[in-house]
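Presented below is the structure to which this report refers.
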Protein chains: 2
Amino acid sequence: MLDPLPFFKALADETRLRIVLLLQDQGELCVCEIVHALELSQPKVSRHLSQLRSAGVLSDRRQGQWIFYAVDRHLPAWAEAMLGNAAVAATAWLDNDRARLLRMGDRPQRQAACC
Amino acid sequence: MLDPLPFFKALADETRLRIVLLLQDQGELCVCEIVHALELSQPKVSRHLSQLRSAGVLSDRRQGQWIFYAVDRHLPAWAEAMLGNAAVAATAWLDNDRARLLRMGDRPQRQAACC
DNA sequence: ACAATATATACGCCAAAACGTATATGTCAT
DNA sequence: ATGACATATACGTTTTGGCGTATATATTGT
């Protein structure tokens, strides 16, 4: 049920924090979009995504060849509040990462998550 | 000016998180009170207090032989908000640590901080 | 069935961080 | 000056965690 300590550990890494903030801003992104936006290697991003999912911060769904990650919809209220606060305080990173994402061509189409 | 990443790193350790939550709850405590409340060794507590002060999360003042630590009064609003949220989510720890603190005998007298 | 694409994982390596123990520093009382 | 108390720091060890490279798995299109 996601305690504060594992939550802080999950966010105590630059790569993971940038991923979570970008996902909170963008709603849902596939791995290759995150790789492009953060300018990091695919295995590095995948490893951190895996950690964030195990920690219960992110959820994923497969759609064809892509796997879309998003901030878990059932995050406790205190955790959502913290992400909101973090976003305010980390505008610089978020602005850059979002800008690079929007410059990316050939982004996969999203289908509405079922039900 | 305390960025989110160092702040998360500061709280991503059980000892440090318990210290910060207890201080937020109690206002100001000397090292020996924290040692007693958390049931940890003095060097361990001192080391973590030092890290939290360097990170800008705590401030300290000397009063005679004691050094009192407290959550820094100039913490950014987003950081204070996060601590409030963390306290809500970590009630179990906080309750135990506070209870042990109150059971402690011979606690030093506090003088109002000057000016 | 095969090639191309997207993603995950395994392995070995290196660096960061936490720890226990011992010791240093600073303050007070006698 | 000395001893007692409170706190900090140094040192060596161990654990944890992140990384790059290589490889495995899964899906799609031909």
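Side chains are part of it too, since the values below use all heavy atoms of this structure and drop only hydrogens, waters and symmetry mates. Here is the naming used below: chain letters follow the sequence lines, and residue numbers restart at 1 for every chain. Not measured: the values here are computed from a predicted model.
Within 4.0 Å (heavy atoms only), B/Glu33 reaches no atom of the nucleic acid at all. Using a 4.0 Å heavy-atom distance criterion, B/Tyr69 is classed as a sugar-phosphate-only contact.
The nucleotide whose nearest atom lies closest to any side-chain atom of B/Trp66 is, among D/dA6, C/dG20, D/dC19, D/dA6.
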Across nucleotides 23-30 of chain C, 5' to 3', mark each nucleotide with B, S or - according to how protein heavy atoms within less than 4.0 Å reach it. ---SSS--
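With A/Arg110 contributing its side chain and A/Glu28 its backbone, the two residues share a donor-acceptor pair below 3.5 Å. B/Ser50 contributes no side-chain N or O that, together with a main-chain N or O of B/Ser46, makes up a donor-acceptor pair within less than 3.5 Å. In this structure, the side chain of A/Arg18 does not engage the main chain of A/Val20 through any donor-acceptor pair within 3.5 Å. The main-chain N or O of B/Thr15 is found under 3.5 Å from a side-chain atom of B/Asp13 such that the two form a donor-acceptor pair. Checking side-chain atoms of A/Arg62 against main-chain N and O of A/Gly64 turns up a donor-acceptor pair under 3.5 Å. For B/Arg16 (side chain) and B/His48 (main-chain N/O), no donor-acceptor pair under 3.5 Å exists by modelled atom type. B/Glu33 places no side-chain N or O within 3.5 Å of a backbone atom of B/Phe68 that could act as its donor or acceptor partner.
Rounded to an integer number of Å, the gap from B/Leu38 CG to C/dC19 P is 12 Å. Distance CZ (A/Arg107) to P (C/dA6): 14 Å, rounded to an integer number of Å. Regarding B/Asp106, its CG atom lies at a distance of 14 Å from the C1' atom of D/dA4, rounded to whole Å. Note: CG (B/Leu58) to C1' (D/dT7) measures 15 Å, nearest angstrom. Atoms CD (A/Glu39) and P (D/dC19) sit 16 Å apart, rounded to a whole Å. Atom NZ of A/Lys44 is separated from atom P of C/dA6 by 21 Å (rounded to the nearest Å). For the pair B/Leu49 CG and D/dA8 C1', the computed distance is 11 Å after rounding to whole Å. Rounded to whole angstrom, the span from the CD atom of B/Gln51 across to the P atom of D/dA8 amounts to 13 Å.
One finds no side-chain N or O of B/His48 lying less than 4.0 angstrom from the OP1 or OP2 phosphate oxygen of C/dA17.
For DNA chain D, the residues of residues 8-21 of chain A within the heavy-atom distance limit of 4.0 Å (strictly under) are A/Asp13, A/Arg16, sorted by number.
None of B/Ile34, B/Leu29, B/Val35 except one satisfies the side chain to side chain contact (heavy atoms under 4.5 Å, CB included) rule with B/Val31; the exception is B/Val35.
Minimum interatomic distance between A/Leu40 and A/Val45 (heavy atoms only, all atoms of both residues): CB-CG2, 3.9 Å.
A donor and an acceptor atom sit less than 3.5 Å apart, one in the side chain of B/Arg47 and one in the base of C/dG20.
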